[in-house]
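Everything below concerns the one structure shown next.
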Amino acid sequence: MADDNFYMKQALMEAEKAAARGEVPVGAVVVCRDRIIARTHNLTETLNDVTAHAEMQAITAAANALGGKYLTDCTLYVTVEPCVMCAGAIAWAQTGRLVFGAEDEKRGYQRFAPQALHPKTEVVKGLMADECAALMKDFFKKRR
């Protein structure tokens, strides 16, 4: 049985794929009953779609894998704190658990809508935060 660190490392690998494509390096993995059912990363540039965040892609892929829209028995691992849009989608999907790495002080849901998640969603903050934040900082340093 894998642990949270294992799954966050999987999300970090997705974030690295995003960076290699010129996307903001955010990666996400959805786990249900100890099995990864979705692996995704940001695709906003690739798809020309501002809603194509890693979390949105993960929720859609996981729902398709399960054949239903609710992710109550799932954990979403994401390298960076979700934005308000993604937090809303996480809530609508009734995601059982959210684990994120780096906090996003500028655009994260905690700043703008701290009550956005479903009340039953368990949240774990700051898992591998340094590694997740470093990926973001390196990406933006190279773009400046």
Side-chain angles (χ1 to χ4, degrees), residues 1-137 139-140 143:
M1 188 156 135
D3 65 358
D4 285 345
N5 286 314
F6 172 82
Y7 293 123
M8 184 59 78
K9 286 177 185 172
Q10 300 300 306
L12 273 166
M13 287 193 296
E14 287 296 321
E16 289 168 1
K17 289 180 189 175
R21 295 178 78 145
E23 299 278 357
V24 174
V26 178
V29 171
V30 178
V31 175
C32 187
R33 297 182 188 93
D34 300 319
R35 194 173 126 246
I36 295 173
I37 61 169
R39 296 173 177 271
T40 61
H41 53 268
N42 271 1
L43 290 171
T44 58
E45 301 298 327
T46 303
L47 299 178
N48 269 336
D49 180 356
V50 296
T51 68
H53 290 192
E55 301 94 324
M56 302 296 275
Q57 301 298 309
I59 289 166
T60 299
N64 286 335
L66 294 173
K69 60 186 177 181
Y70 297 119
L71 306 179
T72 53
D73 295 329
C74 299
T75 299
L76 169 63
Y77 294 86
V78 63
T79 56
V80 178
E81 174 187 348
C83 70
V84 174
M85 172 185 70
C86 293
I90 292 164
W92 284 112
Q94 297 180 20
T95 307
R97 195 164 168 257
L98 167 66
V99 179
F100 68 83
E103 293 194 16
D104 185 346
E105 295 172 8
K106 291 182 182 175
R107 296 181 182 257
Y109 81 92
Q110 294 178 105
R111 176 178 178 188
F112 297 105
Q115 303 301 315
L117 297 176
H118 192 278
K120 290 184 179 176
T121 299
E122 176 190 339
V123 179
V124 176
K125 306 174 190 179
L127 183 68
M128 300 179 66
D130 292 342
E131 295 93 323
C132 295
L135 196 55
M136 293 289 280
K137 287 175 187 166
F139 176 82
F140 285 110
R143 294 196 55 157

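With values rounded to the nearest 0.5 angstrom, Thr79 atom OG1 is found 6.0 Å from Leu12 atom CG. Between the OG1 atom of Thr72 and the NE2 atom of His118 there is a distance of 9.5 Å, given to the nearest 0.5 Å. Note that CG of Leu135 is 6.0 Å distant from CD of Glu16, once rounded to the nearest 0.5 Å. One finds the NZ atom of Lys106 at 13.5 Å from the CD atom of Glu81 (value rounded to the nearest 0.5 Å). Residue Arg33 holds its CZ atom at 11.5 Å from OG1 of Thr75, rounded to the nearest 0.5 Å. Here the CD1-CG distance, from Ile37 to Leu66, works out to 3.5 Å after rounding to the nearest 0.5 Å.
The side-chain heavy atoms of Ile90 and Leu76, taken from C-beta on, include a pair separated by under 4.5 Å. Within the 4.5 Å cutoff, the side chain of Arg21 has heavy atoms near those of the His41 side chain. Arg39 is not listed as a side-chain neighbour of Tyr77, based on a closest heavy-atom distance of 4.5 Å or more. A 4.5 Å side-chain heavy-atom check between Met56 and Cys86 finds at least one atom pair inside the cut-off. Taking the side chain as every heavy atom from C-beta outward, Val24 and Met136 approach each other to under 4.5 Å.
In this view, Lys17 and Glu14 satisfy the salt bridge (Lys or Arg N to Asp or Glu O under 4.0 Å) rule, not counting sequence neighbours. With sequence neighbours excluded, no residue forms a ring pair (Phe, Tyr, Trp, His ring centres under 6.0 Å) with Phe100. Scanning for salt bridge (Lys or Arg N to Asp or Glu O under 4.0 Å) contacts around Arg35 gives an empty result, with sequence neighbours left out. Legend: residues meeting side chain to side chain donor-acceptor pair (under 3.5 Å) with Asn5, ordered by chain and number and at least two apart, are absent.
Sorted by first and then second residue, the side-chain hydrogen bond (donor to acceptor under 3.5 Å, both in side chains) pairs with a member in residues 47-59 read Asp49-Thr51; sequence neighbours excluded.
Minimum interatomic distance between Gly101 and Cys132 (heavy atoms only, all atoms of both residues): CA-SG, 3.9 Å. The two atoms that bring Pro25 and Ala18 nearest to each other are CA-CB, 4.0 Å, heavy atoms only. Residues Leu71 and Ala63 come closest through the heavy atom pair CD2-N, 4.1 Å. The two residues Ala38 and Ala62 have their closest heavy-atom pair at CB-N, 3.8 Å.
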Enumerate donor-acceptor pairs with a distance under 3.5 Å from any side-chain N or O in residues 123-130 to protein atoms, sequence neighbours excluded.
| residue | atom | partner | partner atom | Å |
| --- | --- | --- | --- | --- |
| Lys125 | NZ | Gln110 | OE1 | 2.6 |

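The backbone N or O of Ala54 sits less than 3.5 Å from a side-chain atom of Asn42, completing a donor-acceptor pair.
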